[in-house]
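Here the structure is laid out as structure tokens; the discussion comes afterwards.
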Amino acid sequence: MPILVLLLVLGIDAWVYADAKERLNQGNPAAFSFGSLRVETPEAWFLGCLILWVVFFPLYLTATGRSPFR
């Protein structure tokens with residue numbers, strides 16, 4: 001079971017990277033800033049989701065206007 005959860009999280013991380021890269025290429029980057037923390041590149045979103053998925057994935061959804069928490 002833990003391997004399935006890990007694979008799911010890695011799949012979502014890959015989707016976040018691909019989506020952020022596509023948005024950047026279209027000139028509409030997903031950006032988030034809080035104080036001196038600024039996340040706007042696909043690599044930063046990927047690493048953020050990889051390290052702290054429970055925080056960065058909802059932030060990504062909010063930054064892209066896809067938040068289910070509205």
Side-chain angles (χ1 to χ4, degrees):
M1 188 64 158
I3 297 221
L4 290 176
V5 172
L6 179 65
L7 290 175
L8 177 67
V9 170
L10 288 175
I12 291 172
D13 291 348
W15 173 80
V16 165
Y17 175 77
D19 189 62
K21 191 170 184 175
E22 182 178 330
R23 286 177 169 274
L24 185 65
N25 290 339
Q26 292 175 353
N28 185 22
F32 172 79
S33 64
F34 181 76
S36 63
L37 173 70
R38 183 149 178 85
V39 182
E40 60 185 6
T41 65
E43 294 82 9
W45 281 112
F46 178 77
L47 286 175
C49 286
L50 191 65
I51 295 167
L52 262 175
W53 183 84
V54 72
V55 173
F56 279 87
F57 184 60
L59 282 177
Y60 182 76
L61 292 178
T62 302
T64 59
R66 296 183 176 130
S67 177
F69 310 111
R70 287 189 257 180

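Just so you know, residue 1 is the first one in the sequence shown, and it goes up from there. Just so it is clear, the model here is predicted, and its values are computed rather than measured.
Identified under the salt bridge (charged side-chain N to carboxylate O under 4.0 Å, His left out) test for residues 10-20, with sequence neighbours left out: Asp19-Arg23, Asp19-Arg66. Sorted by first and then second residue, the ring-ring contact (aromatic ring centres under 6.0 Å, His included) pairs with a member in residues 35-57 read Trp45-Tyr60, Trp53-Phe57; sequence neighbours excluded. Residue pairs meeting the side-chain hydrogen bond (donor to acceptor under 3.5 Å, both in side chains) criterion with at least one partner in residues 27-37, sequence neighbours excluded, are absent. Contacts classified as salt bridge (charged side-chain N to carboxylate O under 4.0 Å, His left out) and involving residues 24-41 (residues at least two apart or in different chains) are given here: Arg38-Glu40.
Here CG of Leu24 is found 9.0 Å from NZ of Lys21. Values are rounded to the nearest 0.5 Å.
Thr64 approaches Leu61 most closely through the heavy-atom pair OG1-O, 3.2 Å.
Other residues, nucleotides and ligands contribute at most 12 non-hydrogen atoms within 6.0 Å of the CD1 atom of Ile3.
In the hydrophobic clustering of this structure, Val55 groups with Leu37; members are Ile, Leu, Val, Met, Phe, Trp, Tyr whose side-chain heavy atoms approach within less than 4.5 Å, directly or through other members. Linking ILVMFWY residues whenever their side-chain heavy atoms come closer than 4.5 Å, directly or via other members, leaves Trp15 and Leu47 in distinct clusters. Hydrophobic clustering, with ILVMFWY side chains joined whenever heavy atoms are under 4.5 angstrom apart, keeps Tyr17 apart from Leu52. Residues Val54 and Phe32 are members of one and the same hydrophobic cluster, defined by side-chain heavy-atom contacts under 4.5 angstrom among Ile, Leu, Val, Met, Phe, Trp and Tyr. Val39 and Phe34 end up in the same hydrophobic cluster when Ile, Leu, Val, Met, Phe, Trp and Tyr side chains are linked at under 4.5 Å.
Leu10 has its side chain within reach of Leu50: a pair of non-hydrogen atoms, C-beta onward, lies under 4.5 Å apart.
Residues satisfying the side chain to side chain donor-acceptor pair (under 3.5 Å) criterion with Glu43, sequence neighbours excluded, are absent altogether.
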